[in-house]
Amino acid sequence: MAPVSTRPGLGTAVAVTRWSRSATATAALSVLVLAVLAVLPYLAGTGITQALVTLFLLVSMAALWNLLAGYAGMISFGQQAYLGIGAYLVWLVSKTGVSPFAGIAVGALGCAVAAVPIFALLRHLTGGYFAVATWVVATCFFLYVTNQLWLGGGTGVSLAGQLSGLPPVVRQAYTYWLALALMAAIVAGVYLLVRSRFGLDSRAMHDEPAAAAAMGVEVQRTRWLAYILAAVGFGGVGGMLIVSTLYIDPATVFSVNYSADMLFMVVIGGIGTMEGPIVGAVIFFAVQEWFSSYGAWYLVAIGAVAIGVVLIAPGGLWGIAARRGWSLLPVGYRVRDVPALGSAGPPGAAGAGVRGDGDG
């Protein structure tokens, strides 16, 4: 925090800060929660850890989709393409003798390579055109894999043979720890990214790319960076999907349902915030767990939650907290008044006037 100017006659200086005591508490609590979650396989059964793997992957997907849509303004209905690419790359490298756990890194890097030519074709599209085009790309991958017998065709592929040497309890523990580490890396990576120059540029171009470009924002560079980094993350999540389930098929891994789930989590949590996608993922996971055994009622419950949130809180559930000044993971700037040197202001007046918040 550093004063940037003094306003004559008022005895105050304008100060800018990007952190807060609540953010410090959040960071400390996050480290504690991660530590507890890390030792959970020693304390709980596989039933609990398997469910938590699903939650970790949901949080990862929500954070990545929010990076694209909430910050860079690129609504995508085709990120399942990278889930599939990452999953199939893990299966392919495991056939060469490489551990599927190590193959997750290969899947993530492979998605980065694939994202370059794909985004080169899509980069001039915006809005609904971009969203539909990404869905078409994912559908093309689905059709290609379905018709390739060397990739298992429509029946899919399995990792059961490659991981048969590990006891089920050990395999589940390794899967759990990798999913936890992946989620932590993705959430922390997205957070650090949006606090950087990328965050400023992406929020500037979110609604009006042309106006942002006129002000000096490198719009295309920001879009490239967001798309490729999101592809890397989704590739890692796709690799975790096949490792955790031991089986995938093209109809499932390339399903547009994944995009619908991501949209649901981010919208009900709060698009364009760091906290919102995490809240949305937890809610989606809870509804999924409670109603999944009721067949079609599961979809009814999901729809009811979505309609209720949109009517009550158009900005998402975290939007309600944000309007009250809550910010557990601040990414913007807070401008406030502090006493200038030599001023006769009363003690405790520092920071009394919050002039703005860039957490958006």
Side-chain angles (χ1 to χ4, degrees), residues 53 56-94 98-123 130 133-135 137-138 141 145 175 177-199 201-202 218 220-244 248 253-254 258-259 261-262 265-266 274 277-278 281 331:
V53 167
F56 298 158
L57 297 184
L58 288 175
V59 171
S60 300
M61 288 189 285
L64 290 169
W65 198 84
N66 185 54
L67 173 66
L68 280 177
Y71 288 103
M74 296 187 292
I75 297 177
S76 172
F77 292 150
Q79 295 309 108
Q80 63 270 18
Y82 298 106
L83 294 178
I85 293 172
Y88 275 95
L89 282 176
V90 169
W91 176 74
L92 287 173
V93 299
S94 68
V98 177
S99 168
F101 297 108
I104 293 174
V106 177
L109 293 176
C111 285
V113 174
V116 173
I118 291 174
F119 191 70
L121 296 174
L122 305 179
R123 63 190 181 94
F130 180 84
T134 56
W135 172 73
V137 169
F141 276 107
V145 174
T175 302
W177 284 323
L178 267 178
L180 176 62
L182 181 65
M183 178 194 69
I186 287 175
V187 173
V190 171
Y191 180 56
L192 294 175
L193 185 64
V194 298
R195 280 176 61 88
S196 68
R197 169 68 182 272
F198 167 87
D201 289 349
S202 63
E218 297 186 23
Q220 284 302 325
R221 186 191 69 173
T222 304
R223 284 165 56 89
W224 271 101
L225 182 62
Y227 190 85
I228 292 177
L229 290 180
V232 171
F234 278 109
V237 173
M240 282 303 313
L241 283 175
I242 188 172
V243 169
S244 62
I248 56 164
V253 76
F254 290 109
Y258 279 115
S259 287
D261 294 345
M262 297 173 210
M265 292 185 288
V266 174
M274 279 302 306
I278 300 174
V331 297

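Counting from 1, the numbers follow the sequence of the chain as shown. Computation of the quantities below employed the complete heavy-atom set of this structure, encompassing side-chain atoms and omitting hydrogens, waters and symmetry-equivalent molecules.
Within the model, atoms CG of Leu89 and CD1 of Ile242 stand 10.0 Å from one another, a figure rounded to the nearest 0.5 Å. Taking CE of Met61 as the start and CE of Met265 as the end, the distance is 5.0 Å to the nearest 0.5 Å. Here CZ of Phe254 is found 6.5 Å from CD1 of Ile85. Values are rounded to the nearest 0.5 Å. The CZ atom of Arg123 sits 15.0 Å away from atom CD1 of Ile118, with the distance rounded to the nearest 0.5 Å. For the atom pair OG1 of Thr134 and CZ of Phe77, the computed distance is 7.5 Å after rounding to the nearest 0.5 Å. Rounding to the nearest 0.5 Å places OG1 of Thr222 at 6.5 Å from CZ of Phe198.
Residue pairs meeting the salt bridge (Lys or Arg N to Asp or Glu O under 4.0 Å) criterion with at least one member in residues 221-236, sequence neighbours excluded, are Asp201-Arg221, Glu218-Arg221. Among residue pairs with one or both ends in residues 80-91, those qualifying as side chain to side chain donor-acceptor pair (under 3.5 Å) are Gln80-Ser259, Tyr82-Tyr227; sequence neighbours excluded.
Under the rule for a side-chain contact (heavy atoms from CB on, under 4.5 Å), Ala185 has no partner lying at least two apart in sequence or in another chain. Remark: Ile228 engages Ala112, Ala115, Val116, Trp224 in a side-chain contact (heavy atoms from CB on, under 4.5 Å) (not counting sequence neighbours). In this structure, the side-chain contact (heavy atoms from CB on, under 4.5 Å) partners of Val59, at least two apart in sequence or on a different chain, are Leu55, Met183, Val187, Ile278, Ala281. Checked against side-chain contact (heavy atoms from CB on, under 4.5 Å), Ala184 has the following partners two or more places apart in sequence or in another chain: Leu34. For Trp135, the ring-ring contact (aromatic ring centres under 6.0 Å, His included) test picks out no residue, with sequence neighbours left out.
Proximity of Phe101 to Thr175: side-chain heavy atoms (C-beta onward) are separated by under 4.5 Å at one or more points. Proximity of Trp177 to Leu182: side-chain heavy atoms (C-beta onward) are nowhere separated by under 4.5 Å. Between Leu92 and Val106 there is no side-chain heavy-atom pair separated by less than 4.5 Å. Side chains of Ile104 and Leu178 form a contact here, defined as non-hydrogen atoms less than 4.5 Å apart.
In this structure a side-chain-to-backbone donor-acceptor pair under 3.5 Å is missing from Ser94 to Ser99.
Gly238 and Ala87 get closest at one heavy-atom pair: O-CB, 3.3 Å. Pairing each heavy atom of Ala138 with each of Gly78, the nearest pair is CB-O, 3.8 Å. Here the shortest heavy-atom pairing between Ser244 and Val53 reads CB-CG1, 4.0 Å. The minimum heavy-atom distance linking Gly233 with Ile186 is given by the pair O-CD1, 4.2 Å. Residues Val98 and Gly103 share a closest heavy-atom pair of CG1-N, 4.4 Å. Nearest heavy atoms, Val266 versus Ala62: CG2-O, 3.5 Å.
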Please tabulate, for the side chains in residues 63-70, all donor-acceptor contacts under 3.5 angstrom to protein atoms that are two or more places apart in sequence or on a different chain.
from	atom 1	to	atom 2	distance (Å)
Trp65	NE1	Ser76	O	2.8
Asn66	OD1	Gly272	N	2.9
Asn66	ND2	Thr273	O	2.9

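Counting heavy atoms of neighbouring residues, nucleotides and ligands inside a 6.0 Å radius, atom CD1 of Ile75 does not exceed 12 of them.
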Could you check Val232 against Cys111 for side-chain contact (heavy atoms from CB on, under 4.5 Å), going step by step and ending with a plain yes or no? CA-CA 6 Å; Val232 171; Cys111 285; 5.7 Å; no
